[in-house]
Amino acid sequence: APATGAIATLTSTTAGVTLPEPEELPEIPVGGSLDHVFYIEIAGDTCGADVDLTVQSTIASRTWRAATSFRPGVVDPAAPETFATDGGYLVDPAGDDNIVQGRWEHGVPPPTYFAGRMLQSNGGAAGLDDPAWITGLSNAWDDGEVAGRTTLESAPIDMTGFVAPSLRYTVWYLAYDRPQANLVVSPLVHLTVEVSGDGGATWAVFDEVSGEPMRWVVREVPLGDALTEVGPDVRFRFVVADDQGPESRLVEVGIDDVSVITLSGACDSDGGDDDAGCCNVAPTPRQGLGSAALALLVALGLRRGRRRARA
């Protein structure tokens with residue numbers, strides 16, 4: 001039978017979010033669905049912070065729930081660099097690396113294995129045939145593991161006007177010590193990520209990677225105080241270093257899908273307007289989610305259940 005009297009409710013555990021009252025939905029036909037829009041208000045100081053939401057639909061005594069989250073005020077100005085080409089990135093631009101093997105290379109990585117573990121990815125973050133930057137494209141595990149230091153530097157990025165920017169990138173990372181023919185996760189930092197706001201004249205560290213293996217994991221790291229001034233020539237570099245060879249330690253790192261995200265200009269509390277905030281000004285095309293009322297489209301697929309009798 002058609003669903004009648006359905007109630008839609010939106011809840012949140014995030015401070016600074018004003019939610020609507022529960023709303024009764026129109027009749028939903030058998031096998032049908034309904035798109036329902038909630039309008040919520042978000043305080044300005046929630047800019048860049050995760051907002052957690054739970055949507056609930058109720059018919060009589062039956063309830064369906066689903067959770068979602070988003071971050072208001074976040075802008076992704078450009079598509080990520082997926083490295084279909086090398087993206088203009090440079091290896092050892094300063095000429096001071098001491099890499100013996102495992103130098104950064106661009107291409108489609110072939111899988112390598114040791115003791116039942118995959119060391120090098122089978123393709124980039126998107127899978128087979130996907131190019132990426134990887135520390136050594138060799139298809140032999142003992143030829144591609146890092147020994148020494150190798151540096152990968154990005155092309156210049158124009159970040160003029162960015163507010164509280166973060167670097168988002170996908171990383172493949174592992175580092176195993178080999179004591180007495182065993183494999184043990186190395187506790188040391190083997191990947192360091194640095195930023196320069198002056199075209200590479202000076203650098204500051206803002207991310208370090210160590211610990212358990214990461215198999216194409218997305219990392220999103222605020223630049224914070226590492227970037228004191230945004231401008232037209234910001235660069236990043238990914239430095240992988242290991243003072244052991246593959247006979248003592250196995251280190252493999254890959255980088256893919258790199259982008260910089262920023263908050264809406266309306267989130268800038270230093271703009272002079274005490275009431276400024278990402279959620280109380282009209283958005284521009286560049287500001288994306290920086291609107292006073294955010295429409296959350298929730299598809300409520302309501303299905304009838306069937307009870308199965310027990311013998």
Side-chain angles (χ1 to χ4, degrees), residues 14-16 42-52 69-81 87 89 93-94 133 149 151-173 187-212 214 217-241 253-274 276-279 281 286-290:
T14 304
I42 306 166
D45 56 6
T46 311
C47 270
D50 288 335
V51 174
D52 298 317
S69 66
F70 69 98
R71 278 178 295 167
V74 173
V75 180
D76 194 350
E81 175 57 70
Y89 281 43
W133 279 98
R149 182 186 68 251
T151 303
L152 178 65
E153 183 176 312
S154 75
I157 301 174
D158 186 356
M159 291 172 51
T160 302
F162 281 27
V163 178
S166 298
L167 180 71
R168 179 186 292 159
Y169 67 101
T170 305
V171 61
W172 177 282
Y173 175 90
L188 303 177
V189 172
H190 294 285
L191 170 61
T192 302
V193 188
E194 305 173 0
V195 63
S196 171
D198 52 16
T202 59
W203 295 89
V205 175
F206 69 95
D207 193 23
E208 295 180 325
V209 180
S210 62
E212 294 293 330
M214 300 181 188
V217 173
V218 176
R219 290 177 70 85
E220 188 174 300
V221 188
L223 300 183
D225 294 336
L227 186 63
T228 56
E229 184 175 353
V230 294
D233 192 357
V234 177
R235 307 182 189 205
F236 299 93
R237 66 183 183 187
F238 303 86
V239 182
V240 180
V253 180
I255 299 295
D256 208 350
D257 297 344
V258 178
S259 63
V260 180
I261 62 173
T262 173
L263 296 185
S264 160
C267 296
D268 189 357
S269 60
D270 296 328
D273 182 354
D274 292 339
C278 68
C279 308
V281 297
R286 187 178 176 86
Q287 290 175 346
L289 292 177

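These numbers were taken from a predicted model, which means no experiment stands behind them.
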I need the minimum non-hydrogen distance between [X] and [Y], along with the two atoms involved.
X: V260; Y: P165; result: CG1-CB, 4.1 Å
X: G87; Y: A155; result: O-CB, 3.7 Å
X: P72; Y: V51; result: CD-CG2, 3.6 Å
X: E208; Y: R219; result: O-NH2, 3.8 Å
X: A201; Y: S196; result: N-OG, 3.8 Å
X: Y173; Y: S210; result: OH-CA, 3.4 Å

Considering only heavy atoms from C-beta outward, does the side chain of [X] approach that of [Y] to under 4.5 Å?
X: L167; Y: D207; result: no
X: T14; Y: D50; result: no
X: L263; Y: V74; result: yes

Enter the distance from [X]:[atom1] to [Y]:[atom2] here, rounded to the nearest 0.5 Å.
X: I157; Y: R235; atom1: CD1; atom2: CZ; value: 10.0 Å
X: T170; Y: D256; atom1: OG1; atom2: CG; value: 6.0 Å
X: M214; Y: W172; atom1: CE; atom2: CH2; value: 12.5 Å

Ring geometry between Y169 and F238 (parallel below 30°, tilted from 30 to 60°, perpendicular above 60°):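 Geometry flag for Y169 against F238: perpendicular rings.
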
Evaluation steps, side chain to side chain contact (heavy atoms under 4.5 Å, CB included), between F236 and V258: CA-CA 10 Å; F236 299 93; V258 178; 5.8 Å; no

Pairing residues for R168 by the salt bridge (Lys or Arg N to Asp or Glu O under 4.0 Å) criterion, not counting sequence neighbours: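 Here the qualifying residues are D76, E220.
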
I255 and V171: CA distance, side-chain angles, deciding distance, side chain to side chain contact (heavy atoms under 4.5 Å, CB included) verdict: CA-CA 5 Å; I255 299 295; V171 61; 4.1 Å; yes

From CA spacing to verdict: side chain to side chain contact (heavy atoms under 4.5 Å, CB included), M159, L227: CA-CA 11 Å; M159 291 172 51; L227 186 63; 3.7 Å; yes

Result of checking I261, T262, L223, V221 against S166 for side-chain contact (heavy atoms from CB on, under 4.5 Å):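 Of the listed options, the one satisfying the test is I261.
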
Side chain to side chain contact (heavy atoms under 4.5 Å, CB included) assessment of W203 paired with T192: CA-CA 12 Å; W203 295 89; T192 302; over 6 Å; no

